[in-house]
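One structure, pasted below without further comment.
Every value quoted in this text rests on a predicted model; they were computed, and no experiment measured them.
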Amino acid sequence: MSATLPQSPAAGRPAKPTIDGIETVWIQRWAESGVYHFDRTAERDRVYSIDTPPPTASGSLHVGHVFSYTHTDLIARYMRMRGREVFYPMGWDDNGLPTERRVQNHFGVRCDPSLPYDPEFTPPVSAGKNQLPISRRNFIGLCEQLTLEDEKAFEESFRRLGLSVDWRQTYRTIDDRARATSQRAFLRNLARDEAYQAEAPTLWDVTFRTAVAQAELEDRERPGAYHRLGFHRPDGERVFIETTRPELLAACVALVAHPDDERYAPLFGTTVRTPLFEVDVPVVAHPLADPEKGSGIAMVCTFGDLTDVIWWRELQLPTRPIIGWDGRLHRETPTWISTAGGVAAYESIAGTTAFTAQQRSVQLLRDSGDLIGEPSAITHPVKFYEKGDKPLEIVTTRQWYLRNGGRDLPLREQLLARGRELHWHPDHMKIRYLTWVEGLNGDWLVSRQRFFGVPIPVWYRLDETGEPEYGQRLVPAESELPVDPSSDAPAGFDESQRGVPGGFMGDPDIMDTWATSSLTPQIAGGWERDHDLWQRVWPMDLRPQAHEIIRTWLFSSVVRAHLEDGVLPWSDAAISGWILDPDRKKMGKSKGNAVTPLGLLEQHGSDAVRYWAASGRPGTDTAFDVGQMKIGRRLAIKILNASSFALSFDKAASFGKAADGDSSATPVDSSDITEPLDRAMLARLAEIVREATAAFDDYNYSRALEVAESFFWSFCDDHLELVKDRAYSGRGEAAAASAQEALKLALDVQLRLFAPFLPFVTEEVWSWWRPGSVHRANWPQPEPIRAAAADGNPTLVSEAAAVLTGIRKAKSEAKVSMRATIASAEIRGPAATLARLQAMAGDLVATGAILDLRWVEADGPVVVADVVLAPEQG
RNA sequence: GGUCGAUUAGCUCAGCGGUAGAGCACUCGCUUCACACGCGAGGGGUCGCAGGUUCGAAACCUGCAUCGACCACCA
């Protein structure tokens with residue numbers, strides 16, 4: 001394959017090589033030649049398919065993107081060189097709240113679904129303080145327009161980073177294909193009864209006015225206070241409870257204590273009267289009530305927290321909600337409050353926010369004497385929507401759910417088994433998945449009350465009074481997808497019947513973004529759209545992703561693939577860590593981190609930035625470290641210079657007269673490699689290849705780099721120095737040819753080893769003397785190198801290095817040049833070592849400029865002793 | 001409250017049963033014919049703490065501490 005690629009003409013080795021500007025050159029040539037294009041004729045077993053994370057294309061590329069996307073690219077490039085045909089698409093997650101928010105801020109608009117579409121609409125020139133209300137369709141238009149610009153910028157940066165993505169394989173989570181896929185999967189779930197609708201208490205964000213799923217929750221420590229309140233018993237005694245939410249007193253439906261709590265046992269079955277509102281509520285028993293907490297008896301409200309929901313459900317308590325969708329208390333006095341005093345009390349808090357209601361309630365309770373003592377301040381965890389600013393409320397709403405094992409033990413077991421079946425890198429990340437699945441307390445809530453997203457593809461019949469009949473669902477045929485029930489009419493109806501008695505209405509909700517993101521393999525792989533592609537890539541090989549979205553993206557993807565096809569969506573998951581800034585905080589969460597990826601790439605070079613990223617092992621958080629980038633840059637430059645030097649000995653290579661044909665072939669005649677040191681170096685290199693390969697196979701790319709890099713530096717510092725004189729034909733043509741051929745082979749192998757990490761500099765050097773692209777060349781195999789090494793002993797490499805160090809040390813301590821002549825020196829060591837070293841004595845003598853080298857057998861490691869420097873020469 | 005991970009030289013990290021490692025930083029040198037974006041040499045660590053297993057522990061086991069993260073029915 002590689003040999004047929006239209007590659008740049010071998011320009012030969014430049015006199016003064018530089019890495020500056022090579023990104024531009026190679027980005028262009030790779031785009032022209034299509035080296036990274038996926039070959040659709042490859043069968044599944046030769047394909048390596050990657051479920052690339054679609055970045056949220058709202059805003060700018062972050063350093064964290066550079067980091068984690070590089071990791072995936074390392075694997076992709078390695079697999080490609082291993083002969084796999086790599087399916088490496090790119091998606092854009094432009095569907096969801098971040099996009100909505102960005103459009104609001106960027107254009108200074110907000111969506112008002114009640115407004116009509118304005119075809120003449122143009123966004124405000126500058127975003128004003130008051131957001132301009134616009135129609136849903138206009139709003140979505142702006143979303144698509146803005147994300148398209150962002151996506152272009154992302155692609156440019158990713159190309160600059162050197163990602164070997166096939167840029168013909170892209171998708172957007174808001175585009176027609178993604179919406180159709182998402183709706184198709186939903187309809188299949190619906191048909192199999194895996195999706196269902198229910199009216200139930202739902203976690204609700206009052207700012208966004210949407211339901212929120214368990215996976216999107218986070219706890220935040222917030223200040224609060226225990227308020228001790230007295231409930232009135234019929235006999236005039238009082239029962240004291242403690243609550244952090246006195247404003248929900250009007251929603252109280254019972255008091256609950258532990259069944260074994262002797263303090264309250266006499267009260268079970270009796271009623272007490274709530275303070276202020278004077279509502280009679282039962283005292284009931286439930287094992288979840290903790291005798292140690294507060295006064296040991298709790299007020300149950302509909303609904304203050306998730307425990308209330310459990311009590312309400314299991315004890316079959318009445319529903320008395322007072323908090324509305326806007327987070328304010330209902331304006332009308334609830335029907336269950338009937339006394340004059342109760343009505344008056346409610347009227348003073350009606351319509352206020354929860355915060356104000358609490359303040360007023362406390363004052364009322366204090367005045368009535370029902371607040372015992374003063375509230376005692378505490379801090380406690382409060383549930384928030386992860387993107388929200390106000391605590392969640394719990395309101396009863398009609399929502400769509402997808403079965404995910406949250407209330408179904410057999411399904412949960414199956415999904416746990418899928419988690420164990422998946423190969424995790426690193427393995428311990430599996431535990432997060434298992435913990436999450438084990439802790440699920442309900443099915444996956446997939447409906448959202450937002451505007452921009454994939455609509456639920458369902459309509460409802462309206463009865464004679466115009467009320468929806470939720471049991472009378474109308475769904476589209478799969479061939480009609482995608483649909484928007486708010487503008488498309490169901491089959492058999494026309495638009496005039498929308499909203500009228502006997503007609504229909506569209507489901508107003510959209511799906512959770514994860515309901516679409518959980519299908520990225522299906523969207524990218526052509527599920528039910530491109531069967532030929534699908535059967536070549538599915539199930540996929542790799543899901544790379546961040547660890548904080550194991551419970552969301554990874555788990556929901558497993559759910560979807562399991563329900564639809566009964567398989568894991570991929571065999572392996574590579575979990576990347578975070579970038580930490582110098583304060584050890586997740587980068588971007590603290591201030592002063594205005595490091596732009598493009599700036600980094602320009603300043604240090606793409607290879608250098610990739611080098612830094614490659615130092616972060618899978619699953620390990622990594623410090624942002626410009627120092628590592630400088631080292632990477634140094635390595636890239638060293639590769640350039642060392643290659644130029646190594647090739648300079650070979651006249652054919654230096655003039656670009658590279659062998660034609662297959663780049664996988666060894667470019668040398670190994671029968672020329674006769675010198676012990678050359679053979680030893682190659683023997684060592686064969687070991688290095690073996691180690692790097694094993695590391696890569698284990699997804700441990702940082703180890704693979706480390707192994708190659710460590711060899712390369714000693715190759716430069718020791719081997720190149722030791723063979724320099726000989727390669728210059730200092731000791732005959734045969735000895736020179738041995739050095740030259742071994743250098744070429746070593747260079748060829750090392751370029752391949754570095755290619756996944758430093759794609760630009762390796763390709764540059766490759767182009768000087770080798771055909772095709774190094775990125776389509778084969779990953780090196782240890783066996784042929786070992787064969788070329790013949791009887792070479794890898795031990796000699798370190799022994800020679802030890803001697804060289806001894807010689808250098810003597811010169812360094814004498815503060816003379818490394819070229820200074822040594823009159824005499826002695827090498828001491830075991831007989832076997834001395835024998836090996838004596839066979840390469842010519843290299844040692846020439847490199848050390850030693851006139852008289854003596855050999856003395858001795859125990860212990862080899863040392864250089866009795867070094868006598870020659871008198872300085874004028 | 002439960003769980004996972006981390007704790008090794010000033011910094012960033014590797015090592016994971018057999019005499020403490022790398023790079024950076026630091027010190028001292030070197031116009032050496034690929035590279036001064038270079039080259040060479042050197043100093044620097046009771047491997048978080050306390051027990052245990054072992055002939056031998058940085059590594060294995062048990063606690064503890066600190067940091068980070070994940071999860072949790074948090075009145």
Side-chain angles (χ1 to χ4, degrees), chain A residues 13 15-20 217-219 221-222 224 226-227 241-245 248 255-257 288-290 293-301 304-311 378-383 426 428-436 438-439 441 547-548 550-551 577-578 580 582 584-586 605 608 612 615-617 619-628 630-631 633-649 702-703 706 709-710 713 716-717 720-721 724-725 728 804-805 807-820 847 849:
Chain A
R13 183 175 53 89
K16 187 78 181 172
T18 173
I19 62 167
D20 293 326
L217 298 184
E218 65 181 35
D219 286 353
E221 285 290 330
R222 280 292 179 276
Y226 278 131
H227 302 73
I241 63 102
E242 292 193 4
T243 179
T244 57
R245 302 209 56 187
L248 293 179
L255 297 190
V256 62
L288 216 51
D290 183 355
K293 207 168 282 178
S295 59
I297 186 164
M299 159 174 103
V300 183
C301 304
D305 61 30
L306 291 173
T307 319
D308 281 344
V309 177
I310 295 170
W311 282 325
I378 54 160
T379 60
H380 61 152
V382 177
K383 292 212 178 300
H428 69 254
M429 288 296 174
K430 179 192 300 174
I431 290 167
R432 298 201 183 186
Y433 174 100
L434 299 177
T435 306
W436 173 253
E438 281 161 2
N441 55 29
H547 55 69
E548 82 264 31
I550 289 173
R551 65 175 179 171
W578 283 338
L580 304 177
R584 299 256 108 195
K585 294 275 185 265
K586 183 181 175 184
W612 159 73
S615 71
R617 289 145 70 223
T620 306
D621 294 346
T622 302
F624 176 74
D625 188 356
V626 172
Q628 283 296 314
K630 289 181 175 160
I631 298 163
R633 182 178 175 81
R634 213 176 60 134
L635 175 62
I637 292 170
K638 192 77 173 180
I639 288 174
L640 205 65
N641 286 319
S643 301
S644 174
F645 183 52
L647 293 172
S648 71
F649 302 115
S702 49
R703 172 77 188 149
E706 190 187 319
E709 186 186 9
S710 159
W713 282 104
C716 291
D717 295 342
L720 279 177
E721 293 298 330
K724 197 184 275 189
D725 175 74
Y728 275 127
L804 204 48
T805 296
I807 295 168
R808 286 166 171 166
K809 182 170 181 169
K811 292 184 181 179
S812 190
E813 281 172 353
K815 301 192 175 179
V816 298
S817 158
M818 288 299 141
R819 296 212 70 192
T847 305

Rounded distance in Å between the P positions of A14(B) and G23(B):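 Taking atom P in both A14(B) and G23(B), they lie 16 Å apart.
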For the student: nearest non-hydrogen atoms of Met299(A) and Leu255(A), plus distance: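 Closest approach of Met299(A) to Leu255(A): CA-CD2, 3.7 Å.
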Considering all heavy atoms, the nearest Ala820(A)-Ala849(A) contact: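 What the structure gives for the nearest pair is O-CB, 3.8 Å.
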d(CD1, Ile807(A); C1', U32(B)) in whole Å: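 These atoms are roughly 14 Å apart.
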Selected nucleotide, minimal atom distance to Asp305(A) side chain, candidates A75(B), C74(B), A34(B):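 When the side chain of Asp305(A) is considered, A75(B) is the closest of A75(B), C74(B), A34(B).
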Sugar-phosphate, base or nothing in reach of Leu306(A), heavy atoms under 4.0 Å: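 Touches nothing.
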G45(B) and G40(B), which share atom name C1', separated by this distance in whole Å: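 Approximately 24 Å lies between the C1' atom of G40(B) and that of G45(B).
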Sugar-phosphate, base or nothing in reach of Leu288(A), heavy atoms under 4.0 Å: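 Base contact.
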Rounded distance (Å) that lies between atom P of C35(B) and atom CZ of Arg633(A): 17 Å
Nucleotide C67(B), atom P - distance to CH2 of Trp578(A) in whole Å: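 Roughly 17 Å, once rounded to whole Å.
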OP1 or OP2 of C73(B) under 4.0 Å from side-chain N/O of Asn441(A): yes
Minimum heavy-atom distance Ala642(A)-Leu720(A), with the two atoms named: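 Looks like CB-CD1, 4.2 Å.
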Rounded interatomic separation in angstrom, taking CG from Asp725(A) and P from A34(B):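 Answer to the nearest Å: 12 Å.
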Minimum heavy-atom distance between Arg222(A) and Val382(A), given as atom pair plus value: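 Result for this residue pair: CB-CG2, 3.8 Å.
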Touch class at under 4.0 angstrom, heavy-atom based, for Thr307(A) against every strand present: sugar-phosphate
Under 4.0 angstrom between His380(A) side-chain N/O and A75(B) OP1 or OP2: yes
Nearest to side-chain heavy atoms of Asn641(A), which nucleotide of C70(B), C35(B), U12(B): C35(B)
Shortest side-chain distance from Met818(A), nucleotide among U12(B), A34(B), G40(B):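 Of the candidates, G40(B) comes closest.
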Sugar-phosphate only, base, or nothing, as touched by Lys809(A) at under 4.0 Å among non-hydrogen atoms: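 Sugar-phosphate contact only - Lys809(A) comes under 4.0 Å of backbone atoms but never of a base.
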Proximity to the side chain of Ile431(A) - top-ranked nucleotide from U3(B), C24(B), A14(B): U3(B)
Sugar-phosphate only, base, or nothing, as touched by Asp717(A) at under 4.0 Å among non-hydrogen atoms: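 Result for Asp717(A) = sugar-phosphate.
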Over all atoms of both residues, closest heavy-atom pair of Pro17(A) and Asn641(A): CG-OD1, 4.0 Å
Touch class at under 4.0 angstrom, heavy-atom based, for Glu721(A) against every strand present: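 Glu721(A): base contact, heavy atoms under 4.0 Å.
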Nucleotide C70(B), atom P - distance to CG of Leu434(A) in whole Å: 17 Å
Sugar-phosphate, base or nothing in reach of Ala820(A), heavy atoms under 4.0 Å: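 No contact.
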Met429(A) CE to U3(B) P, straight-line distance once rounded to whole Å: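 That distance rounds to 18 Å.
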N or O in side chain of Ser817(A) less than 4.0 angstrom from U32(B) OP1/OP2: yes
Residue closer to the 5' end of RNA chain B, Cys716(A) versus Arg703(A) (nearest nucleotide):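 Looking at the nearest nucleotide for each, Arg703(A) comes out on the 5' side.
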Gap between atoms CD1 and C1', on Ile310(A) and C74(B) respectively (whole Å):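 Taking CD1 of Ile310(A) and C1' of C74(B), I get 12 Å after rounding.
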Options C39(B), C4(B), U12(B), nucleotide nearest the side-chain atoms of His428(A): C4(B)
Geometric class of the Trp612(A)/Phe624(A) ring pair [parallel <30°, tilted 30-60°, perpendicular >60°]: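 Phe624(A) vs Trp612(A) ring planes: perpendicular.
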Among A14(B), A34(B), U12(B), the one nearest Ala623(A) by side-chain distance: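 Nucleotide nearest to Ala623(A)'s side chain: U12(B).
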Watson-Crick or G-U stems of RNA chain B, 3 or more pairs, under 3.5 Å, by first number: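 Only these stems qualify: B:1-7 with B:65-71, B:10-13 with B:21-24, B:26-30 with B:38-42, B:48-52 with B:60-64.
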Phosphate OP1/OP2 of C4(B): any Tyr433(A) side-chain N/O under 4.0 Å: no
Taking every non-hydrogen atom, the tightest pair across Leu248(A) and Gly304(A):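 Taking Leu248(A) first and Gly304(A) second, the nearest heavy atoms are CD1-CA, 3.5 Å.
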Sugar-phosphate, base or nothing in reach of Thr435(A), heavy atoms under 4.0 Å: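 It contacts sugar-phosphate atoms only.
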Tyr728(A), nearest nucleotide to its side chain (from C28(B), A41(B), A34(B)):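 Nucleotide nearest to Tyr728(A)'s side chain: A34(B).
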Lys430(A) atom NZ, over 12 foreign heavy atoms within 6.0 Å: yes
C1' atoms of G29(B) and C67(B), separation to the nearest Å: 42 Å
5'-most by nearest nucleotide on RNA chain B - His547(A) or Trp436(A): His547(A)
Shortest side-chain distance from Arg551(A), nucleotide among C24(B), C71(B), A75(B):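 Nearest to the side chain of Arg551(A) among the choices is C71(B).
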Sugar-phosphate, base or nothing in reach of Ser643(A), heavy atoms under 4.0 Å: nothing
Per Lys293(A) side chain, nearest of listed nucleotides G68(B), C74(B), G23(B):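 Ranking G68(B), C74(B), G23(B) by closest atom to the Lys293(A) side chain puts C74(B) first.
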Side-chain N,O (Arg432(A)) to OP1/OP2 (C71(B)) below 4.0 Å: no
Residue-phosphate contact under 4.0 Å: Thr620(A) side-chain N/O, A6(B) OP1/OP2: no
Side-chain heavy-atom pair Arg245(A), Cys301(A) within 4.5 angstrom cut-off: no
Sugar-phosphate only, base, or nothing, as touched by Trp612(A) at under 4.0 Å among non-hydrogen atoms: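 Nothing, no nucleic acid heavy atom in range.
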Nearest-angstrom distance, P atom, C16(B) to C26(B):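 That atom pair is separated by 31 Å.
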Distance, nearest 0.5 Å, that separates CZ of Arg617(A) from CZ of Arg703(A): 10.5 Å
Distance, rounded to the nearest Å, where Phe645(A) contributes CZ and C39(B) contributes C1': 13 Å
Out of C35(B), A75(B), G29(B), whichever nucleotide has its closest atom nearest the side chain of Lys16(A): C35(B)
N or O in side chain of Lys638(A) less than 4.0 angstrom from A34(B) OP1/OP2: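 False: Lys638(A) side-chain N/O out of range (4.0 Å or more) of A34(B) OP1/OP2.
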Sugar-phosphate only, base, or nothing, as touched by Arg245(A) at under 4.0 Å among non-hydrogen atoms: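 No contact.
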Interatomic spacing from NE2 in His547(A) to CG in Asp621(A) - rounded to 0.5 Å: 4.5 Å
